[in-house]
Every structure is written in structure tokens, then in C-alpha cells.
Protein chains: 2
Amino acid sequence: MSKIHQVAALAGVSIATVSHVINNTRFVSDETRKRVQAAMEEIGYQPNALARSLRRGETKTLGVILPDSSNPYFAEIGRGLELLAFNEGYSIILCNSENDAEIEHQYAEVLSKKQVDGIFFVGTGERPETLLTLLKHNLPLVVMMRDFGDVQVDTVQSDNYQGGTLATRHLLDAGHTRIACIMGPSGLTLSSQRVNAFKDTLNAAGITPDDSMILQGDFHAESACAITRQLLKRPDPPTAIFACNDLMAIGVICAAAELGRRVPGDLAVIGFDNIQLGNFSVPRLTTVAQPKDELVQTATRYMLERIADHTLPPRKSVIPTNLVIRQSCGHLV
Amino acid sequence: MSKIHQVAALAGVSIATVSHVINNTRFVSDETRKRVQAAMEEIGYQPNALARSLRRGETKTLGVILPDSSNPYFAEIGRGLELLAFNEGYSIILCNSENDAEIEHQYAEVLSKKQVDGIFFVGTGERPETLLTLLKHNLPLVVMMRDFGDVQVDTVQSDNYQGGTLATRHLLDAGHTRIACIMGPSGLTLSSQRVNAFKDTLNAAGITPDDSMILQGDFHAESACAITRQLLKRPDPPTAIFACNDLMAIGVICAAAELGRRVPGDLAVIGFDNIQLGNFSVPRLTTVAQPKDELVQTATRYMLERIADHTLPPRKSVIPTNLVIRQSCGHLV
DNA sequence: CAAAAATAAGTAAACGTTTTCTATCCTTCA
DNA sequence: TGAAGGATAGAAAACGTTTACTTATTTTTG
């Protein structure tokens, strides 16, 4: 690897001048500039970003900590963040916590040591230990899709309660009264918000929610398969299922097919997230769309603003969801 | 952020001693060590990895360049690499080239400037410009799932020809003779290998491949939907389709359902990759599994070995695939 | 025409570590 | 008792940049 002093020597100038040519940070005569550029070209010089970062105090690198990037929803979020970051000159270090608080914590330390300029954080749970450590290091932090209550931190999430309402009402409007709900892991605010919306909306419609029809999955397809098999074997099976994410909704559809039930004929299914593949399930999945682009854009904006000014007061953004009507609940309109 | 000299001052020792305590790199008396550790604890010291990397000449960071991490197949690969890397003390900078050679090239430069210790490379195509640049910088490089012919570089891929044979034979064995193939983007060796295997296997079975039944998709579901619609509207529709990846196979199933064809009754479908969601399509997808774990493990091993010894001769690994029989081709056995 | 101002570029400190080289203090033993 | 050697730890250079400060030269101006 060639170094700046080699460029300087070859061009017959000081390293300061080379640096100024590279960064356009003070006037350099045309003639000198040309010589420097020629020299850089000749030896294929590339500035060492480590040295630059050490000196400048910024790495142009952001961390993303999330539970599992092979989950399509997180994959899409991660990809969105990466794209926007790239356009702003940042790279992304991707950290899968594997839903393990210990790994999450270790990664937080690694990122902090590597001096990333900020971290997008999707916690495995909502215990704030890791978060607080990070905040103590005074690292720009944007929490996504998690709710750490009154911790003072920039937060971006979608309106899960409103989304849950949308889903439930959609099922109700289609005439269903025996509706099951497969929730996500407990301990996540977004889970309880979706379920609370489900119950409240049912109540508002004069239907008492049946607790035996509200079951806990883990946001993966397999868990929803198993739960659906149980549900459909009951003497009083539900006619509709609200799965609290798309992966589980796909699991529901799969299990229903396995038992010979037709979707939406025998069983309506609605999901949550609007992952890309939901558009290609059989039948195509009706779902509550989390406004992915907006989530990602807002998170990125918060991040850039906070990097620019650490003293900004924390902001919280709750973005409304919208219904994507496809086939898995039948056609209403 | 606290610095090593603050620890040293607090503990009443030199910064050299602190460094040696941190890295266990020379004997330090128990008493001194305790003092240093206490001091680190007290001020919450964390070593600055930039400074360390600059001095040591290694960043414990690897780059991954791939076309699109929101494609489930790449997401799973990326996640696998990240997991193994983490266990070896490395972090991953994730770079989506968005299938754009220009972005790919820019990212290669960024990674090189950031002094990553190596790069896992899944090119957008197989033109070797970016690759050669990277090799010129003498960066440890492992090419995955792409074939750059005689470029001297570590390469890990699955046996696409063998996989294509497996898929075609499976369809043949089920009695199909009118078989279509939806291939991936041209210009990718893996595409042509899979298709060549398809043709060869058909020929070997005494069936002349019908070129009008070999169509080009783009590895995304939508393209396969469109192609399948065309295919099934023909007067002589195929009774089976070999989709060259799972995403397209899912698109095929979706389009078939849309036209009221039953899978596998009216149309058998086989995919390639074995992505997780293939296990939850309706019907569950029969597919050729790329040995993801083995690909990722081999790639990681190559990487670590090359980092340890830059002079190693380049190695190429071709890993056999295996058939995962589920439901989309009917039950044979 | 001398002094002030403007122009162009060089010198060296700083970023926060690691690591080589060196120093001090004890023991030990001839 | 004095030199050798072991045990412990400090001083300073090095990693490759950026940038504040300084200098040399030329131009402008009163």
C-alpha cells in the first residue's frame, strides 16, 4: 500500500499539500495540483481511512444491531438503511444478535470500540441495559421498532396499535366473529400493542375476545404452523386468523393447506409487515404494511441530525401503517 | 471517551504497562495488574480500535459485497458469514451492490480504504474489473457463487451442473416430458451451468430440449410469474417447470394458482437454493439445496487461511448440492 | 519604494494505540 | 562484595493521516 509521503515525494511537494489536494481543503495552484494528481495516479494511491478517522474523529461507519438479518423483514430494513447510508457516504457494520442479549451486548462493545459514528438499534428485547451502556458512551443512537419507554433516545416505530386495529377491523368487516390471533414474543411492546388493538377492536364490535384464541408464536413460520394446526382441530375453529407478522401468516396458510382448509374460503388470514414475499404466497397475503421506506428514512434522518448535533433533544416518531388488501381475506370491495 | 493515558495516570503506571495488561502481552505483577484493572473499571475505559488497527495493521473487519441482501438467499448467506466471522472475532461491513457494477466498484474502494482484512465477493456479474482491482491491492478475497474463469482467486461455489441434473432428473423420473426451464440472468456461469445440465439431462433421456420452453428470468419472483403466465397460456403448456432459483419457483407457483392450475397436479415445480421460506409455500417447495452451511464455512476457512498467509496458492471449491423433496413435484417415493 | 497584504506551500503536532528498546532494582552466587 | 542475571516497568518511536501554525514569495498600495 502506498502512503501519502510517497505521493508527496514523487510530486515534489509536502504531504500537507497532498492532503489538501485530496480533501480540497485549501487552495493549491493548478500546476501543483496536477503534479500531485499524476503522482497519486501513478502509484495507485488510496488514503488510509483508519489514519484519517483517527485524526478526524469520525469513521463514516454506522452500526446496525438487529435480531436476525435472515428474517425477511429485518433483511429489508437492513438493506434500506444500508442504501441510504451509502448515499450519505457511510458504510454499515451489520450485527445479528441472534436474539441473544449477550451477543447483542458484545456487539455493542465492538461497535463502540470501532468508533462507529452511530448505531441503529433493534433490540432483542426491551430491557435497556445495552441501550444505556451505549448512551453512556454518548453514541448517536436510533432505536427502531422497539419501545424503551421513557429512556431518552431517538425512536422510530410504526403505529402498531393502529395497525392491529386495521387488521382486526378488516376481518370484522368481512363478517368474521370467531377470530384467532397469533401474537409475537411477549415482552415486546409491539406485540402487546397489536394484541391490545385486536382485543379492543373486538370489544368495540361487541365481541368478547376469547383468550384461548390468542396464542403466542415467535414470529417465525414454524410456530404459526403448529399453532394453526391446534386451532383448526378444535371443535370450534376460528374462521379468521390475525398473525402478528407476515412470516407467521405464511405459516398459517401453509398449515391450513396441509389440513385441507381453503384460504380465504374456510379461513381468512391477515399478516403484518408487508414483506416482499407476501405478494407471492398462495393466496397472496393481505397484510398491514409497515411503512418501511418511511421508517428507514426517518431513522436515517434522525441519525444524521444527531451526528451533526449531539445535543438535540430526543425525538420519537410513530408512523401509521396501512392495509394492503390482496387475497388471503377474500375480496370485499 | 477515556484514553489509555488516563488509565495509566490513575493507576500510576506507564501507558505501556496498561497496554500490556489489556493485551496480556508481557508479564505484569499481580499488584500492578490489579491497579490497572481497577483504574480501567473506574473510568469505563475502552480501547480505541482505530488506533490499535492503525498500529497493528489489521482491523478485524471483513467486507461482504453481494447483489442484494433483501433477497432471502443472499440474506441467509450474509447472515451465515456474519455468524462465523463473529465467532472468530471479526465484524462484517455489508455492501449491497444493487446489481450495479458501478456501486460494486465504489464499495470495493471504500472497503480497501477502510483497510478491511478481507472481502467476500459475490459479483453482480462476472466481468473481473472490480475483482482485479481488489487483487492488485493484495487484499484477501474469496469469491462466492460466481465463476471468474481463470482469475487466480479463492473461489467457493456449489455444483450447479450437478444440481441442474438433479432437478431435471427428478422431473423426468416423475414422468414429465414437457418441461420448461426459467433461467437466471445470462452472463452468470451458474445460470448457464444449470441450464446446460437441464438440456443435457433431457437429451440423455432422449428428449430434445425445446428452446421456446427455456426462458430468461431475473431471479426475482415477479419475472417468473410473468413467464409462467405466458407458458401456461400456450396450447401446449409444460407439465413441469424447473425454476433456477427458489424465488422464481415461488413466482411460478403463484402464477399457476392464479390461472387455476394445481401444483403439483397440473404442474410440477422445482426450485434451486433451498431458502427457508420454500418450506412454507403452498405446496411446500421441492428444490435443489445449495449447501449453504458448507459454502459459508469453506469461504470463511479460505478467508482465515489467506489472512494468515497471503502467499497460499488460490483454491477452488465446488460443493455438491442435494435434492430436498417436499410437495411441489408430487410424491414419488 | 517600503510596508502591508495576498498567495502558495511547508513543518510539525496531534489522533490513541502497540511494541521495541532501555532502565531500575533485587537476588544470587563466586 | 561485586558482577551477572532476573524481574518489572518506563520512554519513545511508529502507524498514516489532518490541520494549526509558520514561512517564503509575490503583489498591491499609500
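In this text the structure is predicted, and so the values were computed from the model without any measurement. Every chain is numbered from 1 and lettered A, B, ... according to where its sequence line falls, protein lines coming before strand lines.
- As judged by a 4.0 angstrom heavy-atom cut-off over every strand, B:His5 is placed among residues making no nucleic acid contact.
- The 5' end of DNA chain C is approached more closely, in terms of each residue's nearest nucleotide, by B:Leu50 than by the other of B:His20 and B:Leu50.
- For the pair A:Val18 and B:Leu54, both in contact range of DNA chain D, the more 5′-proximal nearest nucleotide belongs to B:Leu54.
- The side chain to side chain donor-acceptor pair (under 3.5 Å) check on B:Glu126 picks up B:Thr189, with sequence neighbours excluded.
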Task: From CA spacing to verdict: side chain to side chain contact (heavy atoms under 4.5 Å, CB included), A:Met145, A:Ile77 - done: CA-CA 10 Å; A:Met145 297 166 300; A:Ile77 291 286; 4.3 Å; yes
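- Listed by chain and residue number, A:Asp68, A:Asp218, A:Leu247 satisfy the side-chain contact (heavy atoms from CB on, under 4.5 Å) test with A:His220 (two or more places apart in sequence, or in another chain).
- For residues 17-42 of chain B, the set of pairs meeting the salt bridge (charged side-chain N to carboxylate O under 4.0 Å, His left out) definition, not counting sequence neighbours, comprises B:Asp30-B:Lys34, B:Glu31-B:Arg35.
- Pairs passing the salt bridge (charged side-chain N to carboxylate O under 4.0 Å, His left out) check and including a residue from residues 296-305 of chain B, sequence neighbours excluded, read B:Arg301-B:Glu305, B:Glu305-B:Arg315.
- Rounding to the nearest 0.5 angstrom, the gap separating the OG1 atom in A:Thr130 from the CD1 atom in A:Ile65 is 7.5 Å.
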Could you go over nucleotides 12-14 of chain D and give all protein N or O partners under 3.5 Å, atom names and distances?
| residue | atom | partner | partner atom | Å |
| --- | --- | --- | --- | --- |
| D:dA14 | N3 | B:Arg55 | NH1 | 3.0 |

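- The stretch residues 25-42 of chain B touches DNA chain D through B:Arg26, B:Phe27, B:Val28, B:Ser29, B:Thr32, each having a heavy atom under 4.0 angstrom from the strand.
- With rounding to the nearest 0.5 angstrom, the CG atom of B:Asn96 is 10.0 Å from the CG atom of B:Asn71.
- For the residue pair A:Lys114/B:Thr61, the side-chain donor-acceptor check at 3.5 Å is satisfied.
- In this structure, A:Arg55 has no side chain to side chain donor-acceptor pair (under 3.5 Å) partners at least two apart in sequence or on a different chain.
- Residue B:Ala75 comes nearest to A:Ala75 through the heavy atom pair CB-CB, 4.1 Å, listed as atom of the first residue, atom of the second, then distance.
- Residues satisfying the side-chain contact (heavy atoms from CB on, under 4.5 Å) test with B:Asp150, not counting sequence neighbours, are none.
- Pairs passing the salt bridge (charged side-chain N to carboxylate O under 4.0 Å, His left out) check and including a residue from residues 89-113 of chain A, sequence neighbours excluded, read A:Glu98-B:Arg79.
- The end-to-end axis angle of the helix from C:dC1-D:dG30 to C:dA30-D:dT1, rounded to 10 degrees and based on five pairs per end, is 70°.
- When all heavy atoms of B:Asp117 and B:Glu58 are compared, the closest pair comes out as OD1-CA, 3.5 Å.
- The span of DNA chain C lying next to chain B, judged by atoms under 4.0 Å from heavy atoms, is bounded 5' to 3' by C:dG16 to C:dC21.
- B:Leu94 contributes atom CG, which lies 5.0 Å from atom OG of B:Ser69 (distance to the nearest 0.5 angstrom).
- A salt bridge links B:Arg306 with B:Asp154; the closest basic N to acidic carboxylate O contact falls under 4.0 Å.
- Of the residues in residues 107-119 of chain A, none has a non-hydrogen atom less than 4.0 angstrom from any atom of DNA chain D.
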